[in-house]
Amino acid sequence: MHDKISDENIQRILDEFNYAGRFIGLAPYGAGHINDTFLIEFDTPKTYYILQRINSGIFQNVPALMRNFELVTDFLGKKCLAAGVDPKRGALTLIYTRSGKSYVKLKDEYFRSFVFIDRATAHQSVEKPEHFFEAGRAFGRFAALLGEFDASQLFESIPNFHDTAKRYATFIRTLESDTQKRVAGVADEIAFTLARKAITKKVVDLLSKNELPLRVTHNDTKLNNVMIDDESGEGIAVIDLDTVMAGSLLYDFGDSIRSGCNTGAEDEKNLSLVHFDLGLFESYARGYLKEVGGFITQKERELLTFAPILMTFECGMRFLTDYLDGDRYFKTKYPEHNLDRARTQYKLVAEMEQRTEDMKRILEECF
Ligand code: ADP
Ligand code: GN1
Ligand code: MG
């Protein structure tokens, strides 16, 4: 659960942002693992906004992070207008303060606010395969549009975010220090991680040799970071732009498959409910490739079956590292929460490894 926003800070926030209507109240909202998100309600006219307390422990240069947000939301908003789409539904829209800033700093806390995209849902899991096809289209469109965006303008909000080899090194250091005395209880998960050291270098090496292109990528393409229109079922807007940086298209494809093709919850304790769903893999791949098929390189194509394995492994390793480190990064609700998450990810990795040929066949049909 989030820390409350003090009454004094709420008053300051209301004074700073240019909200319409009479303030009714605010409540915690959504299921993100990083920022504190609130839904804020106004009356006459009835209006909602999203208010976020930015995780400034993770994002240590908030002004530079918010400059990224300004640039990307402005770029995408203009693309919506050019396509005849309402930018307030087709893109994340920042609320600016009376003095024209995209965030408010109150002592050591930072707040930002967005137009609330209503009549649409950021689903936690796939309810209908068509939704996942649409999520693929939305993230694919995002990649295609940002192909025209100059990556050099972007600040690297989390350095080496998907450098899986560096994340592996961090895992080893955390294991060796064992500050929480949790290592003894997770021998199987540690063995699973160590056995996969070799895969951690593959994509970073190809990027450094220019055999894979660096693109502007989202880097956190999980299902609950895309809004699906409740009525039409269309994927209308990509949200959570904290990690938009230069990266590989494989990261974005892989992370969506990681999050959406799981038949169970990310933190499901009963692993017999957790499986890699190939039908959903096909739905997403069809949607995504419809949008990126025109520019994806041969090397990227070849690695589309590896990408989900890499991203799911990386995510599992991050959860396990955070568990060993005393749960300092991801929000948790109970002491074993990160461990439960790591276990679901590793179960998925094992199944994905066995289904590589099936993924390959499906992708060939899609192409
Ligand atoms: P985190 O970085 O913590 O994941 P997000 O930016 O993804 O934070 O926001 C958390 C959740 O809040 C999202 O999954 C979604 O449910 C909801 N949300 C965020 N922004 C909006 C928005 N503009 N309109 C509607 N819902 C939103
Ligand atoms: C975090 O912010 P959120 O909840 O959308 C994390 C992702 C992980 C994901 C796992 C900035 O995503 O990298 O894949 O949790 N975001 C950040 O669910 O670390
Ligand atoms: Mg999110």
Side-chain angles (χ1 to χ4, degrees), residues 2 26-41 47-60 65 68-69 72-73 76-77 87-95 111-125 135 139 156-164 167 217-230 236-245 247 251-252 254-260 262 265-268 308 310-322 328-332 337-338 340-342 344-345 348:
H2 319 335
L26 91 182
Y29 193 74
H33 293 343
I34 304 296
N35 299 296
D36 290 345
T37 304
F38 300 86
L39 184 66
I40 169 165
E41 183 183 352
T47 322
Y48 296 91
Y49 295 91
I50 289 287
L51 176 68
Q52 273 182 340
R53 182 197 282 122
I54 301 168
N55 187 327
S56 55
I58 293 176
F59 301 107
Q60 296 191 353
L65 171 77
N68 284 0
F69 261 82
V72 174
T73 53
L76 292 173
K88 293 202 160 85
R89 276 187 90 61
L92 193 61
T93 305
L94 279 165
I95 303 296
F111 295 91
R112 67 185 171 204
S113 185
F114 303 110
V115 168
F116 177 63
I117 303 172
D118 63 355
R119 294 167 286 120
T121 305
H123 294 273
Q124 298 309 320
S125 59
F139 281 122
E156 194 177 11
S157 58
I158 303 183
N160 306 310
F161 190 59
H162 285 310
D163 187 326
T164 320
R167 292 213 178 260
T217 46
H218 182 280
N219 297 302
D220 188 3
T221 50
K222 70 181 187 187
L223 186 65
N224 71 7
N225 286 332
V226 59
M227 304 301 302
I228 304 288
D229 189 294
D230 290 338
I236 51 172
V238 168
I239 60 170
D240 198 348
L241 305 176
D242 285 317
T243 51
V244 176
M245 291 180 277
Y251 300 151
D252 283 2
D255 198 62
S256 291
I257 299 303
R258 173 193 77 77
S259 64
N262 182 358
E266 191 181 61
D267 56 0
E268 177 58 60
L310 182 70
M311 295 310 294
T312 311
F313 175 68
E314 182 189 274
C315 190
M317 179 168 66
R318 291 174 62 197
F319 286 141
L320 185 59
T321 305
D322 201 33
R328 296 183 321 142
Y329 186 93
F330 296 104
K331 289 185 184 180
T332 51
H337 205 167
N338 271 317
D340 287 339
R341 289 169 175 155
T344 62
Q345 301 306 292
L348 291 172

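When a ligand or atom number is given, it counts from 1 through the structure's own listing order.
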**Asked** How would you list, by chain and number, every residue that makes a ring-ring contact (aromatic ring centres under 6.0 Å, His included) with Tyr329, sequence neighbours excluded?
**Response**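 For Tyr329, no residue satisfies ring-ring contact (aromatic ring centres under 6.0 Å, His included) once neighbours in sequence are set aside.
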
Students should be able to answer this: which protein heavy-atom is nearest to [atom], and at what distance?
atom	answer
atom 21 (C) of ligand 1	Ile50 CG1, 3.5 Å
atom 24 (N) of ligand 1	Ile117 N, 3.0 Å
atom 14 (O) of ligand 1	Asn224 O, 2.8 Å
atom 10 (C) of ligand 1	Thr37 OG1, 3.6 Å
atom 16 (O) of ligand 1	Ala122 CB, 3.5 Å

- [ ] Answer yes when Asp36 and Lys331 have at least one side-chain N-carboxylate O distance shorter than 4.0 Å, and no when they do not.
- [x]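 A salt bridge links Asp36 with Lys331.
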
Practice task
Report the name of the N/O/S atom of Asp240 located nearest to the Mg ion (ligand 3).
Solution key: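 Atom name returned: OD2.
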
Open item on the list: On a heavy-atom basis, I'd like to know which of Asp220, Asn55, Thr37, Ile58 is closest to atom 12 (O) of ligand 2.
Closed with: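 The residue whose heavy atom sits nearest atom 12 (O) of ligand 2 is Asp220.
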
| query | Relative to atom 14 (O) of ligand 2, which among Glu314, His162, Arg258, Met311 owns the nearest non-hydrogen atom? | reply |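 That would be Arg258.
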
Looking only at distances, please establish whether an N/O atom of ligand 1 is found under 3.5 Å from an N/O atom of [X].
X	result
Tyr29	no
Val115	yes
Ile34	yes

For His33, take its heavy atoms, then give the atoms of ligand 1 lying under 4.0 Å from any of them.
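Checking each atom against His33, I get 3 (O), 4 (O).
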
message = Checking contacts here: is it the side chain or the backbone of Asn225 that comes within 4.0 Å of ligand 1, counting heavy atoms only? Could be both or neither.
response =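 Looking at Asn225 and ligand 1, just side chain atoms fall under 4.0 Å.
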
Query - Short N/O/S contact of Asp220 with the Mg ion (ligand 3) (below 2.8 Å) - result: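 It does not: Asp220 brings no N, O or S atom closer than 2.8 Å to the Mg ion (ligand 3).
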
Exercise. Would you check if the Mg ion (ligand 3) lies under 2.8 Å from any N, O or S atom of Asn225?
Key: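 Of the N, O and S atoms in Asn225, at least one lies under 2.8 Å from the Mg ion (ligand 3), which means yes.
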
* Relative to each other, are the rings of Phe139 and His218 parallel, tilted or perpendicular (30° and 60° limits)? ->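 Correct class here is perpendicular.
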
Item to check | Side chain, backbone, both or neither: the part of Tyr251 lying under 4.0 Å from ligand 2 by heavy atom | outcome: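 Neither; no heavy atom under 4.0 Å.
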
